[in-house]
Amino acid sequence: MTDKFRVRFAPSPTGELHVGNARTALFNWMFARHHKGTFILRIEDTDETRSALAYQVNLLSDLQWLGLDWDEGPHKGGAYGPYKQSERLAIYAEHLKKLEKANLVYPCYCTEEELEEERQALILSKRMPRYLGKCRDLTAKQRREKEAAGRKPSFRFKVPELIIEFTDLIRGTMKFDSAAIGDFIIVRSNGMPAYNFAVVIDDFLMDITHVIRGEDHLSNTALQIMLYQAFGFMPPVFAHHSLILGRDRAKLSKRHGSVSVGEFRSQGILPAALMNYLGLLGSSFTEAREILNREEMIADFSLERASKSGAVFSEEKLRWLNAVYIRQSSADDLLEMLHPFLKEAGIDTSLLNVDKLNPIIDLVKNDITTLAEIGSNINIFFDEKYSMSSEAKHVLEKEGALNVVKTFAAYLQETNAADSDLYPAGIKYVKEKTGAGGRDLFMPIRAALTGKVHGPELDKIFALIGKDATLKRIKAIL
RNA sequence: GGUCCCAUCGUCUAGUGGUUAGGACGCUGGCCUCUCACGCCGGAGACAGGAGUUCAACUCUCCUUGGGACUACCA
């Protein structure tokens, strides 16, 4: 095996970054960092109709948000560039020529309609749908005729007859019979390289040592190995990890709900929590715990611990992890991430100073699962956001409830106790004066103070709201 | 249909021939003298089935069953 470690994440910018791809990126990144190797980002944008610059921009920002920094790639450069396939077209053309010269490739003039017909016919006759090599033995004259008729050829690789064998780092020995594989297209009729062709060339030229990717590429590997052999290239080590599944155990897709990094980001999932969860999914760490920061994950990462079977994505567990991360975060760090969510909740953070906001966040962070929940939990601390829920109203309608609230207000107005004593002394006073205790004592005060029946400890709430606001709120009720 | 991959609680997993099959999420009972949450203590919950190999199989082999991926001029 190699003592050098160069791995890559090679997404195509044709949509939002899917958590499955993010996990592949994470595995590659952890592998590189663990082995003090190089993590390369390559953009596979050879599908002109599906690729969009906006997706690429999005992709890079999602990766950065997750903290998956690359050593070579867009915005970063490197000795093996360019790192966008659309900028490497000359390289692919040159390699096509090599194969042509070796007589390992031929032009195919079939139209997509013709190919589709052939495919359907094969399916109907219950045979394997694959290209049968119609254009493989065209004469020079026949080719000239097709060209003259205005047909642009694609180029197909002449699949040799052999058994392809390779060792997968996660799955062990893999064996494929090329008889089941039809001559496949390596360059499309529009001149763009096809996936299997471009990856092989790029992975070799970029000196990739380990290809870590999803199980969905397992059968592609056979085609790619044939190409490595045709070029006389030394293939890298392959490792195919399992896929992320939806509830129904089918490959996780949009119909299963939220699947993109961007969606979780806007729902208020912390990048560290998503990273941690993705690292845990379909894998495990040797540590007996499940909450690990990035350094711990890197230190403990091993492909040997990657599971071979697919893993169902559990949003429940992600949310649990997220809540843990929120609770563990400092108010300063949270505030940074909370900005867009506070804004959305209609709270103008620019008007508030950190000294006031931080203690509130420190209290509220214990009650939220995602950052997006901040609004409904923080409202009780702002007079202009204060509102009475129907449950709270109900509490105040109970026998004696209003009297408790009134007595509390009366105490606050008359006392000259120090601020820190206000709440405990007030409660004691109300208890003695009204005889109320437990639920009957605290719930009316909670309802009056916050307009809600749930929330953090009352003494802490009171300390943050203060005497004046409390009196104002009670007056509004009476 | 063909090729390939996979199989431990509902879910994610530990386990590498001898264990009361462990943990986490979720569910659930109790405790924390206001609620919700947190936390703590407890509970229910799994080796898909069948043959072998072996003194001994969750663990090794084979078959069955079940699930999945691929089968594009997408990656």
Side-chain angles (χ1 to χ4, degrees), chain A residues 10-14 21 44-47 49-51 85 108 110-112 115-116 119 122-131 152-156 168 170-171 174-177 179-182 184-196 198-199 213-222 240 242-243 245 247-251 277 280-286 288-291 305 307-321 323-324 327 366-369 377 391 395 427 437-447 450 452-459:
Chain A
S12 63
T14 55
N21 287 130
E44 309 217 325
D45 56 349
T46 54
D47 185 340
T49 58
R50 293 203 309 148
S51 297
Q85 290 190 326
C108 169
C110 297
T111 62
E112 294 197 48
L115 293 170
E116 184 57 25
R119 232 171 60 87
L122 283 171
I123 290 172
L124 272 175
S125 62
K126 296 217 167 168
R127 301 221 282 139
M128 195 194 318
R130 66 187 177 97
Y131 183 68
K152 290 272 180 219
S154 60
F155 289 87
R156 288 183 184 270
D168 187 285
I170 294 173
R171 282 153 211 285
M174 293 299 126
K175 235 184 250 180
F176 292 89
D177 187 345
I181 303 167
F184 57 94
I185 289 177
I186 56 172
V187 174
R188 296 183 271 171
S189 55
N190 66 4
M192 293 299 265
Y195 167 73
N196 284 305
V199 239
R213 65 202 348 178
E215 189 191 346
D216 46 347
H217 284 289
L218 208 46
S219 41
N220 277 329
T221 309
H240 291 92
S242 62
L243 266 23
L245 277 26
R247 279 252 160 261
D248 57 358
R249 303 203 74 85
K251 193 162 128 183
Y277 180 67
L280 226 43
L281 191 61
S283 190
S284 64
F285 294 99
T286 48
R289 61 209 163 101
E290 299 198 329
I291 297 168
R305 299 189 72 79
S307 142
K308 285 189 264 212
S309 50
V312 174
F313 189 88
S314 166
E315 210 167 319
E316 291 273 3
K317 188 151 182 178
L318 205 212
R319 290 169 62 83
W320 164 77
L321 250 177
V324 171
R327 263 181 265 125
N366 297 310
D367 285 319
I368 59 177
T369 300
N377 284 274
E391 293 110 308
V395 166
I427 290 294
R439 219 184 167 86
D440 293 335
L441 167 64
F442 291 100
M443 280 314 271
I445 292 177
R446 171 179 293 282
T450 69
K452 306 284 178 288
V453 293
H454 301 306
E457 291 90 334
L458 262 179
D459 55 337

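A, B, ... follow the sequence lines: proteins, then strands. Residue 1 opens every chain.
- Put simply, CE on Met174(A) is 17 Å from P on rA69(B), counting in whole angstrom units.
- The partner of rU53(B) is absent, by the rule that a Watson-Crick or G-U pair needs both atom distances under 3.5 Å.
- In this structure, Tyr195(A) and Thr46(A) have side chains that are not in contact, with every pair of non-hydrogen atoms separated by 4.5 Å or more.
- Between rU53(B) and rU65(B), the distance separating the two C1' atoms is 23 Å to the nearest Å.
- In this structure, NZ of Lys308(A) is placed 17 Å from P of rC12(B), rounded to the nearest angstrom.
- If you check rC6(B), rC12(B), rC5(B) against the side chain of Ser309(A), the one that comes closest is rC6(B).
- The side chain of Arg305(A) approaches rA14(B) more closely than any other nucleotide in the set rA14(B), rC6(B), rU3(B).
- When all heavy atoms of Asp168(A) and His240(A) are compared, the pair lying nearest together is OD2-ND1, 2.6 Å.
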**Message:** For a quick check, with a 4.0 angstrom heavy-atom cut-off, what is the B/S/- contact string for nucleotides 23-45 of chain B, read 5' to 3'?
**Reply:** BBSS-------BBBSS-------
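- Looking at every heavy atom in both residues, Arg249(A) comes nearest to Gly310(A) through NH2-O, 3.6 Å.
- Checking rC12(B), rA14(B), rU3(B) against the side-chain heavy atoms of Phe176(A) singles out rU3(B) as nearest.
- Between Glu316(A) and Arg319(A) there is no salt bridge, since no side-chain N of the basic residue sits under 4.0 Å from a carboxylate O of the acidic one.
- Taking the C1' atoms as reference points, rA75(B) lies 28 Å from rC12(B), given to the whole Å.
- By the 4.5 Å heavy-atom criterion applied to side chains, Leu321(A) and Glu290(A) are not counted as neighbours.
- Taking atom P on both nucleotides, rC41(B) is separated from rA24(B) by 10 Å, rounded to a whole Å.
- When the nearest nucleotides of RNA chain B are assigned to Ser283(A) and Ala180(A) by heavy-atom distance, the more 5′-ward of the two goes with Ala180(A).
- In this entry the distance linking CG of Leu245(A) with C1' of rU13(B) reads 15 Å, nearest Å.
- Nearest heavy-atom pair, Ser314(A) versus Tyr277(A), reported as atom, atom and distance to 0.1 Å: N-OH, 2.8 Å.
- For the residue pair Arg213(A)/Thr221(A), the side-chain donor-acceptor check at 3.5 Å is satisfied.
- Heavy atoms of Lys251(A) sit under 4.0 angstrom from primed sugar atoms or phosphate atoms, though from no base atom.
- When all heavy atoms of Arg446(A) and Val453(A) are compared, the closest pair comes out as CD-O, 3.4 Å.
- Atoms CZ (Arg319(A)) and C1' (rU11(B)) sit 16 Å apart, rounded to a whole Å.
- Taking both residues in full, the closest heavy atoms of Tyr131(A) and Cys110(A) are given as OH-SG, 3.9 Å, listed atom of the first, atom of the second, then distance.
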Can you give me the N/O atom pairs linking the protein to nucleotides 71-75 of chain B at distances under 3.5 Å, or say none if there are none?
{"residue": "rU71(B)", "atom": "O2'", "partner": "Pro129(A)", "partner atom": "O", "Å": "3.4"}
{"residue": "rA72(B)", "atom": "OP2", "partner": "Arg119(A)", "partner atom": "NH1", "Å": "3.1"}
{"residue": "rC73(B)", "atom": "O2", "partner": "Ser189(A)", "partner atom": "N", "Å": "2.8"}
{"residue": "rC73(B)", "atom": "O2", "partner": "Ser189(A)", "partner atom": "OG", "Å": "2.8"}
{"residue": "rC73(B)", "atom": "N3", "partner": "Ser189(A)", "partner atom": "OG", "Å": "2.8"}
{"residue": "rC73(B)", "atom": "N4", "partner": "Cys110(A)", "partner atom": "O", "Å": "2.6"}
{"residue": "rC74(B)", "atom": "OP1", "partner": "Arg188(A)", "partner atom": "NH1", "Å": "3.0"}
{"residue": "rC74(B)", "atom": "OP2", "partner": "Arg188(A)", "partner atom": "NE", "Å": "2.8"}
{"residue": "rC74(B)", "atom": "OP2", "partner": "Arg188(A)", "partner atom": "NH1", "Å": "2.7"}
{"residue": "rC74(B)", "atom": "O5'", "partner": "Arg188(A)", "partner atom": "NH1", "Å": "3.4"}
{"residue": "rC74(B)", "atom": "O2'", "partner": "Asp47(A)", "partner atom": "OD2", "Å": "3.1"}
{"residue": "rC74(B)", "atom": "O2'", "partner": "Arg50(A)", "partner atom": "NH2", "Å": "2.8"}
{"residue": "rC74(B)", "atom": "O2", "partner": "Arg50(A)", "partner atom": "NH2", "Å": "3.3"}
{"residue": "rA75(B)", "atom": "OP1", "partner": "Thr46(A)", "partner atom": "OG1", "Å": "2.7"}
{"residue": "rA75(B)", "atom": "OP1", "partner": "Arg188(A)", "partner atom": "NH2", "Å": "2.9"}
{"residue": "rA75(B)", "atom": "OP2", "partner": "Tyr195(A)", "partner atom": "N", "Å": "3.1"}
{"residue": "rA75(B)", "atom": "O3'", "partner": "Glu44(A)", "partner atom": "OE1", "Å": "2.5"}
{"residue": "rA75(B)", "atom": "O2'", "partner": "Ser12(A)", "partner atom": "OG", "Å": "3.4"}
{"residue": "rA75(B)", "atom": "N6", "partner": "Asn220(A)", "partner atom": "OD1", "Å": "3.4"}
{"residue": "rA75(B)", "atom": "N6", "partner": "Asn220(A)", "partner atom": "ND2", "Å": "3.1"}
{"residue": "rA75(B)", "atom": "N1", "partner": "Asn220(A)", "partner atom": "ND2", "Å": "3.3"}

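- Following rounding to the nearest Å, Lys175(A) (NZ) and rC5(B) (P) show an atom-to-atom distance of 10 Å.
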